[in-house]
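Everything quoted here is computed from the prediction, not taken from an experiment.
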Amino acid sequence: MAKILDVKGRRVWDSRGRATVEAEVVVGRGATPLAVGRAIAPSGASTGSGEAIALDAESAVRSINGRIREGLKALSVSEQEALDRRLIELDGTPDRHRLGANAMVAVSLACAHADAAARKMPLWKKLAGERRVAMPVPQIQIFGGGAHARGSVDLQDYMIVCVGAGSFAEALDWTARVYAAAGARLQKRGALRGVADEGGYWPAFKSNEEPLAELVGAIADAGLEPGADVAIALDLAASQLYRAGNYHLALEGRSLSAGQLHATLMRWIERYPIVSIEDPFAEHDAAAMQAFTRDAGERIQIVGDDFFVTRLEKLKSGIENKICNAILLKPNQVGTVTETLACWDAARKAGYRAIVSARSGETEDVSIVHLAVGWGVPQLKVGSFARSERMAKWNEGLRIEEALGAKALPYPAGKLFRKR
Ligand code: PGA
Ligand code: ZN
């Protein structure tokens, strides 16, 4: 079994030009290096308050080159659970502020990569083992707003889900058409300001509903049928809108009570082909989340991101109280691969869905695509269809789909999102 010979931290840069941390794990038999695994920590802008704490990049590098390096050396790299347990012990804090969740997640993922490399297989294959797996269904942002595009719309993500596509590759083909059509429509109206943090258009809209109509128009312009071929998914990241118990829509110059927002979303579900809504209410507004799950949960996917922050105890409480029916899985929200997997296991057992997700601050790191495929998580959220930190992940998905070939389980889009 390969053992960890060395762990190195390095300061690198992310898609917002901010410093972040990369970890490199060298493994070998005896003293001979055999393989290297590498991973970079991402970072969020609309972070949930329950997220594990990231240190500044310099401190994270120091914690990898110091405490983590000493703590992991000589351990077997194939024991991911034991390695992650060691990381958690070395940190010893509930919010991971001693080692830094960014240092921890980079090392945890780098260990997984190093183990796969030592076995001479891609990470997804090592994680899947003998299980047959399917490609995940992408949620892809077309318009970006909220904390990712100041002065744009209040909602964070207006995304599409190619519910009628027969493969991951076809979903990307369709997305390219819709993305281009949406850009052309904005250009024609003189409403295109640029692209937001995750590559979605940063539009000049007058209301938060307008992008929904624009999306439906763009899907049709692309020669696809709204609802049957391509549906809509939203991320309100509503904690960002929450002010003194109400939801403030700066673009429209008004605040909505939870009840009014609930009614608005129910109306939108009637009017537009929406199949999924993430964080429709704030992380501290469990009652509103519960009421919305009760009224809309049979019809659409309701995803907890800031609401669950990839924390098992929060997910369990949500399951008990019938809040949301899906969880967003972001490894850096919690700090380790093992804890992220524990959330997926618990979600699946409870009949909750899951989506592996990138952050708004990303890099060329493609680890999350491997986690989604290898663990059999049926959905993947990576941002938009522009900027290489996003495209690197979609392109990695294409490579994996090709490698899976005929051995892949059926692409799950149709099963997840029944055609309307
Ligand atoms: P974040 O946004 O990475 O800025 O938190 C992504 C999301 O909310 O899904
Ligand atoms: Zn979110």
Please say which of [options] ends up in a side-chain contact (heavy atoms from CB on, under 4.5 Å) with [X].
| X | options | answer |
| --- | --- | --- |
| S357 | V382, I368, L328 | L328 |
| F308 | D279, I319, V303, I327 | I327 |
| S239 | T47, D305, D285, D306 | D306 |

Counting only heavy atoms not in K126, do more than 12 fall under 6.0 Å of its NZ?
yes
More than 12 heavy atoms of other residues, nucleotides or ligands under 6.0 Å from CD of E313: yes or no?
yes
I would like to know whether R189 and E210 meet salt bridge (Lys or Arg N to Asp or Glu O under 4.0 Å); could you show each step before the answer?
CA-CA 13 Å; R189 291 171 38 183; E210 219 185 319; 2.7 Å; yes
Show your working on salt bridge (Lys or Arg N to Asp or Glu O under 4.0 Å) between R16 and E389 and close with a plain yes or no.
CA-CA 10 Å; R16 285 191 274 243; E389 79 278 5; over 6 Å; no
[X] bridged to [Y] by N-O distance under 4.0 Å:
| X | Y | value |
| --- | --- | --- |
| E209 | R271 | yes |
| D157 | K381 | yes |
| E79 | R86 | no |
| R119 | D115 | yes |
| E402 | R399 | no |
| K73 | D6 | no |
| K393 | E362 | yes |
| R387 | E198 | no |

Give me the ring orientation class for [X] and [Y]: parallel if the planes are under 30° apart, tilted from 30 to 60°, perpendicular past 60°.
| X | Y | answer |
| --- | --- | --- |
| Y158 | F143 | perpendicular |
| F168 | W394 | tilted |
| F385 | Y179 | perpendicular |

Excluding sequence neighbours, so at least two apart, what forms side-chain contact (heavy atoms from CB on, under 4.5 Å) with P412?
A134, V137, P378, L416
Can you check whether [Y]'s main-chain N or O pairs, donor with acceptor, with [X]'s side chain at less than 3.5 Å?
| X | Y | value |
| --- | --- | --- |
| N332 | A106 | no |
| D229 | L224 | no |
| Q139 | A233 | no |
| E283 | G304 | no |
| R359 | S43 | no |

Nearest heavy-atom neighbours spanning [X] and [Y]:
| X | Y | result |
| --- | --- | --- |
| M391 | S384 | SD-O, 4.5 Å |
| N208 | L155 | OD1-N, 3.6 Å |
| T20 | A57 | O-CB, 3.7 Å |
| D91 | G100 | OD1-N, 4.2 Å |

Pi-cation contact, F417 with R353 (under 6.0 Å, within 45°):
yes
I want to check something: taking the side chain as every heavy atom from C-beta on, are [X] and [Y] in contact at a cut-off of under 4.5 Å?
| X | Y | answer |
| --- | --- | --- |
| D221 | R185 | yes |
| W375 | T340 | yes |
| P280 | H262 | no |
| L87 | L72 | yes |
| N321 | Q290 | yes |
| M266 | F292 | yes |
| V334 | R311 | yes |
| E364 | I40 | yes |

Taking atom types as modelled, is there a side-chain donor on [X] or [Y] under 3.5 Å from an acceptor on the other?
| X | Y | value |
| --- | --- | --- |
| Q141 | H148 | no |
| D14 | T363 | no |
| D84 | T338 | yes |
| E278 | Q301 | no |
| S78 | S76 | yes |

Run the ring-centre check on F307 versus F281 and record whether the distance is less than 6.0 Å.
no
Mind running salt bridge (Lys or Arg N to Asp or Glu O under 4.0 Å) on E339 and R85 for me, showing each step along the way?
CA-CA 9 Å; E339 290 163 295; R85 211 176 315 119; over 6 Å; no
